[in-house]
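When a ligand or atom number is given, it counts from 1 through the structure's own listing order. All values reported here derive from a predicted model rather than from experimental measurement. Along the sequence shown, the residues carry numbers beginning at 1.
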Amino acid sequence: MSNFKVSTLCVQEGYTPKNGEPRVLPIYQSTTYKYDSSETVGKLFDLQEDGFFYSRIANPTLDAVEKKIAALEGGVGAMLTSSGQAAVMISVLNICEAGDHIVSSSTIYGGTTNLFGVTLKKFGIDVTFVNPDSSVEELMAAANEHTKLFYAETLANPSLVVTDIEKFAKAAHSKNVPLIIDNTFATPLNCRPFEFGADIVVHSTSKYMDGHAVALGGVIVDSGKFNWNNGKFPALCTPDDSYHGVVYTEHFKEAAYISKARVQLMRDLGAIPSANTAFLLNLGLETLHLRVPRHCENAMAVAKWLEENEKITWVNYPGLPSSPYHTLAKKYMPNGTCGVVSFGVKGGREAAMKFMDSLKLAAIVVHVADARTSVLHPASTTHRQLTDEQLVEAGVGPDLIRMSIGIEDIEDILADIKQALEQI
Ligand SMILES: *Cc1c(COP(=O)(O)O)cnc(C)c1O
């Protein structure tokens, strides 16, 4: 099906029923699969035959959704995980072990900062955080002989910094290691990182891909383009004793990375979503191409409106010409960026809280990127342990409000913001 345009892939890719089969992707709510001979099961275990045998490794509902997302990103294979965090973790552990090192942009999702800076450190994997605006030379200088990958987010959550993917890819490839890009906020509708040199893409599907705030999940996508046979990745190119001596690059060819992630790490770590969750994700994906442009259009209108308002001190949205990342945004996301806008209100913390409590349509929730407009005040919630001085240092001032613009009518969204600002 892969010659179809992105919109068609969103609706149809991954599941093609045969004569008389259900039109809609079925939920295969089964942990296990029946075979007529033990010999066949043996061959499945030995990876000599393709087929499902246990849903911790693979399941037909998940398989269809994985094929759809792989096609959307232009990759050779994908693997769903139980959360975005699990996707990031497995994407790193698949090529790193104790003693290894990673180079990561410093402006990444808070959960990923903790994963890299605290938890992976306990596993013996070291990280160097770099300013995403660094030069190629500075990025290269952050690597050492143990570096196994570079990592960044297309559009960082929550700072909305736009990563120069080509620059990161150049630095990574000069060190013979892959670039992993978290493409959650942009989605493959607005940016396809493989086209700019990224090697692996990860997503929190809990955001725009699901889009309705009903299904927590993640996905890892393999471009199939990275040459693992360069001496740095023996785990992919030498026999895996835990899998009857399989050599991933020989057995799975260009799908070596994503296959190892599944048959080795998913087998051992088990962070697999349920078939029902994958079905809900698929429902979301079927309208991704309709929702994402609407999110962007509405967010752009809100950002422009806020920029003109005298009670607003600053607006951060990469779609605005005033954004320092506008040029990069136009290059990497010519169709639009995302639905998240952050801004400051005059009067600091007090005014920000009064504004938020006065909103009627927009709800206060700890989530972004679903159909409903929502709002969060980091200083009084996710970052409430910090003092005002520490907040400013963290780039999350006490006046900062983060709004995730939904797909409601823009006039209603703007009217709600207007009446709430009048309450300050
Ligand atoms: C939310 C998010 C994650 C974590 O995903 P979960 O599904 O919540 O585990 C990772 N990266 C980015 C950019 C996110 O926005």
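- The ligand atoms of ligand 1 that sit less than 4.0 angstrom from a heavy atom of S204 are 1 (C), 2 (C), 3 (C), 4 (C), 5 (O), 6 (P), 7 (O).
- Which parts of ligand 1 touch S83 is read off a 4.0 Å heavy-atom cut-off, strictly below it: atoms 7 (O), 9 (O).
- Ring centroids of Y151 and F116 are separated by less than 6.0 Å, placing the two rings close together.
- Residues R56 and G270 approach most closely at CD-CA, 3.6 Å, considering heavy atoms.
- The heavy atom nearest to atom 9 (O) of ligand 1, considering only M209, Q85, K207, is found in Q85.
- In terms of protein heavy atoms, atom 11 (N) of ligand 1 is closest to D182 OD2, 2.7 Å.
- Between K331 and E166, at least one side-chain N (NZ, or NE/NH1/NH2) sits under 4.0 Å from a carboxylate O, which counts as a salt bridge.
- Note that K167 lies outside the cation-pi zone of F150, set by a 6.0 Å cut-off to the ring centre and a 45° limit from the axis.
- For L216, no nitrogen or oxygen atom sits less than 3.5 Å from a nitrogen or oxygen atom of ligand 1, counting backbone and side chain alike.
- Ion pairing between K232 and E145 fails under the 4.0 Å rule for side-chain N and carboxylate O.
- Between Y33 and F53, a ring centre-to-centre spacing not shorter than 6.0 Å is recorded.
- Atoms of ligand 1 found under 4.0 Å from any heavy atom of T184, numbered from 1 in the order shown, are 12 (C), 13 (C), 15 (O).
- For ligand 1, the polar-atom distance check against E153 finds no nitrogen or oxygen pair separated by under 3.5 Å.
- The single protein non-hydrogen atom nearest to atom 6 (P) of ligand 1 is G84 N, 3.3 Å, given as residue, atom name and distance.
- At least one heavy atom of G217 sits closer than 4.0 Å to an atom of ligand 1.
- Remark: ligand 1 atoms within the under-4.0 Å shell around heavy atoms of S206 are 6 (P), 7 (O).
- Within the 6.0 Å centre-distance limit, the rings of Y257 and W228 are counted as a close aromatic pair.
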